[in-house]
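Inspection log for the structure reproduced underneath, given as structure tokens.
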Amino acid sequence: MSEKINNRDDRSALLPRAVGRVVDSLTLVSIGALTFFGLWASPADVVQGDAQRIMYLHVPAAWAAYVAFGITTLASLLWLWPRTRSAVWDRVAGASAEIGLIFTGLTLLLGSLWGRPVWGVWWAWDARLVSTAVLFFLYLGYLAIRAVPAEPIVRARRSAITAVIVFIDVPIVHFSVNWWRTLHQKATVFNPELNPEIHGVMALTLWIGVVAFTLLYVSLLNRRYQLAYLEEGLEETALDSAILQRSGGVK
Amino acid sequence: MNAFSEIKLIAGKDLRIEMRSRILLSQVLPFGAIVVLLFAFALDPDRGILARVAPGLFWITVLLAALLAIGRAFSIEQQHGARDGLRLAGLDGSSVFIGKAIAIAVQLAILEAVLGLTVVVLYGVEVHGVVVLVATAAAATMGLAAAGTLYGVLAAGLRARETLLPLLLLPVLAPVMLGATRAFEDGLEGVPGDAWPWVALLTVFALLYTGVGMLAFGPLWEDT
Amino acid sequence: MPNLLQLREAVCLLGRFPALAGLDLDLDAGGITLLSGPNGAGKTTLLRLLAGLVPLHSGTGTVLGFDLNTDRVSHRRRLALVGHDTFCYDDLTVRENLVFSAKASGHKAAMGESAMERLGLSHVAGVLHSRLSAGQRRRLALAAAFGRDPELLLLDEPHAGLDAEGREILDEILRETDATGRTVIIASHELERTRALSNREFSIRGGRAYLVEQA
Amino acid sequence: MTDAGFVIASWVITGLVLGGYALRIALRTAVARGEKTLFKPAAPKAENGVDR
């Protein structure tokens with residue numbers, strides 16, 4: 001098998017305290033800016049009208065979800081690679097996947113809310129929506145595997161491998177779903193594609209959204225990581241006392 | 001012992017157990033047949049929908065039955081600690097993976113043949129493009145068996161394995177389901193040219209999961 | 001004599017329960033070692049740890065020269081474990097199970113056959129595992145282990161469920177195994193019987209091992 | 001519902017989902033921190049791990 005990793009003597013927080021604070025404040029500021037630009041400053045779309053403003057949340061949420069799952073995969077690979085193996089990567093992978101799942105769920109909800117006024121339906125069999133939905137279930141499965149209690153090293157290895165085999169499926173799902181919709185859907189009734197030429201204030205707003213959600217992701221990741229560390233500590237403390245109790249207090 | 005004889009040993013053992021217990025014949029096949037029948041109740045055979053949607057219904061049925069076959073492949077290892085015995089034997093993880101995947105693939109192939117015949121008869125499907133259909137089924141079966149074996153061992157030994165396996169496996173197999181259905185439709189509609197890209201996709205899926213399975217099965221087999 | 005195994009501060013978990021709680025154990029090769037102690041003391045987990053079936057949570061351990069923290073797989077072909085389960089398949093016959101087990105461990109089918117004869121199972125060679133009596137299953141489990149010709153034999157309550165004749169056969173095989181310089185570790189409640197066989201004893205209590213001075 | 005209604009709803013839902021999640025993390029963190037100092041050492045958990 002593989003060499004033991006030290007679960008306790010490593011970082012209790014992902015970001016230094018001061019950096020974490022700065023990220024948190026920047027997150028709040030950028031979300032404020034996004035709300036201002038998204039709801040007031042940017043003009044309504046010529047075709048879609050006001051409904052198009054949902055894009056300023058929907059697209060950044062999808063972006064953040066992809067970043068989160070990407071980080072999960074990266075962290076899992078770093079765990080699997082013996083020279084970089086550390087409990088840090090296991091926590092990052094788990095925390096990031098959980099946040100990614102929240103963002104994916106949000107993306108689907110917002111897509112549905114956007115679809116209703118624009119397309120007239122809550123759900124359309126659009127390639128992006130479908131593959132995002134599959135993605136949601138893929139990572140739901142990953143988190144279900146993570147939730148199964150086990151020896152820390154066993155759980156970490158199992159999770160890391162699962163993350164990799166789940167990730168392999170992502171491009172296949174995307175490819176097959178895109179192919180399916182382009183081959184079998186005649187002229188597009190719905191045009192889910194964003195107008196590729198977005199100018200001026202609208203582009204700026206979208207960028208602010210992407211920055212805000214990325215910062216929010218980092219901030220949540222930092223907090224979720226800390227929580228994972230603390231909960232591991234509690235487990236460890238409970239275990240130490242259980243060991244002491246079992247061996248009759250002999251040490 | 002070389003890898004080839006290890007694979008033969010494992011696959012032979014699993015298939016022999018299946019021949020004795022006849023779970024496939026006595027439980028999985030009837031299950032598939034009743035699902036095929038229920039689809040006809042749900043979709044009303046008189047409206048002529050059944051023949052058109054037959055490929056999709058067929059592959060959904062295969063997928064559901066495959067879940068049972070995969071679950072069974074790992075439940076035989078749980079009884080009497082057989083899995084511990086196998087681990088103690090010191091077999092190579094990738095050999096166990098390939099061996100079990102082959103046994104599952106053989107069972108799925110039988111399942112597909114019988115269910116396919118049932119669907120053709122009951123839904124009134126006219127068969128065209130046999131070559132494409134067989135190629136599709138072969139590639140899809142390999143993919144189902146490889147991914148199924150990999151996720152089967154992931155769920156085996158866990159408390160909630162019966163409920164966890166479908167949750168894990170169905171999203172992963174979504175592209176297989178999609179590709180195999182489209183390829184069957186194209187084949188039956190007499191445009192096999194459209195089907196080959198899907199067959200290629202199914203083959204890529206099968207190869208990818210076979211490769212990853214050979215690497216990942218060993219550690220998972222040890223840990224759970 | 002070379003050092004066979006060494007455990008330091010070994011902790012093993014069953015779920016979240018520390019079945020082994022900081023166990024230290026040193027053993028040289030050869031001889032028959034008895035593990036005594038009450039139910040739930042950790043004997044079974046200790047044997048499974050030595051067989052590499054459960055990981056170490058913390059502490060260190062080596063068995064047959066392999067570090068359990070880095071490689072708990074490579075030494076397995078050199079040992080055999082008889083546990084509470086038979087490690088056999090219900091839908092295979094006695095012969096099929098033994099031949100499979102021997103072949104899987106890299107031995108010839110004949111090894112399985114001769115183990116079957118040795119344990120007096122020849123008359124049920126074609127009977128499915130699911131139809132065996134409890135006593136026959138115990139013999140089958142022993143045959144599967146002996147059919148692998150192990151350097152280190154780990155036995156968990158081997159006498160339990162065996163009839164008088166089976167016990168005699170078992171003790172005879174253990175003496176022979178001992179005479180060839182192999183190592184046997186037995187966890188048992190049948191202290192009188194096993195003490196007569198063994199040349200050292202450890203008492204396992206609360207997930208730890210204590211050497212028992214021989215009388 | 002008007003387009004503007006959908007826009008407002010989307011902002012509210014985003015706020016609820018993300019805010020709720022952040023709050024959950026914060027609460028669990030507080031619990032984890034509190035237990036550590038209040039009941040030290042924490043009571044051993046019941047044995048309910050994986051089955052083998």
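Order of the sequence lines sets the chain letters (A, B, ...), proteins ahead of strands, with each chain counted from 1. Just so you know, these numbers come straight off a predicted model, no measurement behind them.
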Let me know if [X] has heavy atoms under 4.5 Å from chain D in its side chain, its backbone, both or neither.
X: A:L220; answer: both
X: A:I99; answer: both
X: A:S112; answer: neither

Practice prompt. Could you tell me whether A:F137 atom CZ has more than 12 heavy atoms of other residues or ligands within 6.0 Å of it?
Written response: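 Atom CZ in A:F137 is not crowded, with 12 or fewer foreign heavy atoms closer than 6.0 Å.
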Worksheet item: If you draw a 6.0 Å radius around CH2 in A:W123, do more than 12 non-hydrogen atoms from other residues or ligands fall strictly inside?
Response: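 Yes, enclosed.
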Discussion item. Run D:T14 and A:F213 through side chain to side chain contact (heavy atoms under 4.5 Å, CB included) and show every step you take.
Written reply: CA-CA 11 Å; D:T14 304; A:F213 271 73; 4.1 Å; yes
Mind ranking [options] by heavy-atom pairs under 4.5 Å with chain D and telling me who comes out on top?
options: A:R116, A:E98, A:R223; answer: A:E98
options: A:R224, A:H58, A:R53; answer: A:R224
options: A:L110, A:D50, A:L216, A:L57; answer: A:L57

Worksheet item: Is D:W11 close to A:I54 at the side-chain level, that is, under 4.5 Å between some pair of heavy atoms?
Response: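 Answer no - side chains too far apart.
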Worksheet entry | Contact check, side chains of A:Q226 and D:T29, non-hydrogen atoms, under 4.5 Å |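 No, every pair of side-chain atoms sits at 4.5 Å or beyond.
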Worksheet item: Considering all heavy atoms of both residues, which atom of D:V7 and which atom of A:A51 are nearest to each other, and what is their separation?
Response: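 Shortest heavy-atom separation between D:V7 and A:A51 comes out as CG2-CA, 4.0 Å.
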Discussion item. I need the A:L106 CG to D:S10 OG distance, nearest 0.5 Å.
Written reply: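 Separation between the atoms: 9.0 Å.
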Practice prompt. Nearest 0.5 Å please: distance from the CD1 atom of A:I102 over to the CZ atom of D:R24.
Written response: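 One gets 8.0 Å once the value is rounded to the nearest 0.5 Å.
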